Number of protein chains: 2
Amino acid sequence: MKEGPDIAQIGALIGDPARANMLAALTGGRALTATELAGVGGITLQTASTHLAKLEAGGLLAQRKQGRHRYFTLADEAVARLIESMMGFAAGRGHLRHRPGPKEPALRKARICYDHLAGDYGVRMLDSLIASGTIAAVGDGLRLTEKGESHLKCIGIDVGDLRSSRRPLCRSCLDWSERRAHLAGSLGKALLSSFLDKGWARRTAESRSILFSPEGDRQFLRLFPVQG
Amino acid sequence: MKEGPDIAQIGALIGDPARANMLAALTGGRALTATELAGVGGITLQTASTHLAKLEAGGLLAQRKQGRHRYFTLADEAVARLIESMMGFAAGRGHLRHRPGPKEPALRKARICYDHLAGDYGVRMLDSLIASGTIAAVGDGLRLTEKGESHLKCIGIDVGDLRSSRRPLCRSCLDWSERRAHLAGSLGKALLSSFLDKGWARRTAESRSILFSPEGDRQFLRLFPVQG
DNA sequence: TTCATACTTCGATCGTAACCGAAGCATTGT
DNA sequence: ACAATGCTTCGGTTACGATCGAAGTATGAA
């Protein structure tokens, strides 16, 4: 009768609008304080506190104390992938929260997903990396090729440093706006970081969208061409 | 900051234990009736009905009316993938539940569905009848061919007698163990009756399963071969 | 027709959880 | 020391939805 893992608890945690808003905001990768998350959820600090406690107890959030503040983040990348996949599903059913506003196109073009690049640009990047033989698609997963490792070194990414982490190097993450995979994992993170470091792009204050400068746009499109 | 699709609605739909149990049951791919799903969810038929209406309105379920029954299935493969991914996530967090005992293989092999043959054998029979040109699939429905009528006479089925009934001769019936169509209608009933009359098979007392004798098994498989 | 089955809708109860005001820690700054 | 900020806990209200009994609808069988 009752089979398998209990998805109801997870669903109920995400099922509250205030909590869903908080989780969506945290998918941006930034650590946010309880006060900021209360604002995101449209609730008072007291209510937010109880919500955050539930999310943490459910294993969706992690918190770290820092002075008077408590910074909340998603527990790990698996949570981010779950939220993204649910967004993709909801988008496909037309469960949109609001009519596509002015911020929507920017969000679809390039945004941050936990700590890596998503949206049209994220999908394009992975497509290009596969086409150039840098990354190989093995079944459902992704693998960095030997040739790819040297190729990335030319871009300024030292894969050796990334391997030291226990986190997987390459991971596929389903994109809710494109409904196709983009690159997650420590390599995905490193690539986005390098774009930001080089000044090609910058994060926006309140949104998940990532804005490319005209020069950064050119460099990105040159570095990750798309055939056809 | 409200960005992107609304995951709270989806989460809330999955967040109720009864609904989660129903969805998990339907992830098996079989179509289930409202009554069966009520049993799965541990609730009464009335409550199940409202839950199913909500799930359908939310785009998670599709239903197919068939006589007095309403067969529910997951709306499409995307729903199945969502449930699967949530199960995977929940399993990773240790949100586990018990695994049930063994299923009933006999019920899956052959059982009675109202008055006709269902299960693996039922699906095989219809497949074979279509392959041999006895029955033609016309759109969603089924039609007996002219050649088929004489073919059935050889088996001992007089179609003329069946036509006198107001009941449709051929009807497609969705199989809940195979999730594919088998043959219903007065012809389906007549075929099963002939198997029982010939002693090829017999009904069991308490179960809906139909037990074929070794000889009946051989005759059935000879009469309804399957290619490939 | 009449009866039985499968399901839906109505109505009402009831439990839970979301919510906020107020008070209670905890940390930092002065 | 005291005040200010950030957050949690407590208490009480409120609102929503899950639940089921009973009545209503639809389909099939006799």
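Keep in mind that the numbers below use all heavy atoms, side chains included, and drop hydrogens, waters and symmetry copies. The chains referred to below are lettered A, B, ... by the order of the sequence lines, with proteins before strands, and numbering in each begins at 1. As the structure is a prediction and not an experimental result, all values here were calculated from the model.
The shortest distance between the side-chain N/O atoms of T33(B) and the OP1/OP2 oxygens of dA6(C) is not below 4.0 Å. Of the side-chain N and O atoms in T44(A), one or more sit less than 4.0 angstrom from OP1 or OP2 of dC20(C). Under 4.0 angstrom from either OP1 or OP2 of dA18(C) there lies at least one side-chain N or O belonging to R19(A). Distances shown here put a side-chain N or O of H51(A) below 4.0 Å from the OP1 or OP2 atom of dC19(C). At least one side-chain nitrogen or oxygen of T35(B) sits closer than 4.0 Å to the OP1 or OP2 atom of dC7(C). Applying the 4.0 Å criterion to OP1 and OP2 of dG17(D), one finds that K54(B) has every side-chain N and O outside that range.
Classification of the W200(B)-F195(B) ring pair by plane angle, with boundaries at 30° and 60°, yields parallel.
Look at CG on L45(B): it is 18 Å from P on dA4(C), rounded to the nearest Å. Here the C1' atom of nucleotide dG6(D) and the CZ atom of F72(A) are 11 Å apart, to the nearest Å. Computed from coordinates, the N21(A) CG to dA18(C) C1' distance equals 15 Å when rounded to whole Å. The interatomic distance linking Q9(A) (CD) with dT16(C) (P) rounds to 15 Å, in whole Å. Between L13(A) atom CG and dT16(C) atom P there is a gap of 17 Å when expressed in whole angstrom units. One interatomic measurement links the two molecules: CG of L61(A) to C1' of dT8(D), which rounds to 16 Å at whole-angstrom precision. Going from atom CG of L52(A) over to atom P of dA18(C) covers 12 Å, rounded to whole Å. Distance NE2 (H69(A)) to P (dT5(D)): 11 Å, rounded to an integer number of Å.
Side-chain contact check for S132(B) and T134(B): at least one donor-acceptor pair (N or O, by modelled atom type) lies under 3.5 Å. Side-chain atoms of Y114(A) and D76(A) include no donor-acceptor pair closer than 3.5 Å.
Each of A53(A) and R68(A) was matched to the nucleotide of DNA chain D holding its nearest heavy atom; the match closer to the 5' end belongs to R68(A). Residue G42(A) is the one, among Q66(A) and G42(A), whose nearest nucleotide of DNA chain C lies closer to the 5' end (criterion: closest heavy atom).
Across dC7(C), dC20(D), dT8(D), the shortest atom-to-atom separation from the side chain of R70(B) is found for dC7(C). When each of dC19(C), dT5(C), dT9(D) is scored by its nearest atom to the side-chain atoms of D16(A), the top-ranked nucleotide is dC19(C). Considering only side-chain atoms of I43(A), the nucleotide from dT19(D), dT27(C), dC20(C) that sits closest is dC20(C). Here the side chain of Q46(B) is nearest to one of dA22(D), dT27(D), dT27(C), namely dA22(D).
The existence of a salt bridge linking E56(A) and R70(A) is excluded, since no basic side-chain nitrogen approaches an acidic carboxylate oxygen closer than 4.0 Å. Under 4.0 Å is where a charged nitrogen must lie from a carboxylate oxygen, and between E77(A) and R167(A) at least one such pair does. Contact check on E84(A) versus R81(A) returns no salt bridge, with no Lys/Arg side-chain nitrogen under 4.0 Å from an Asp/Glu carboxylate oxygen.
Residue contacts shown for T47(A) include a base, since a base heavy atom lies under 4.0 Å away.
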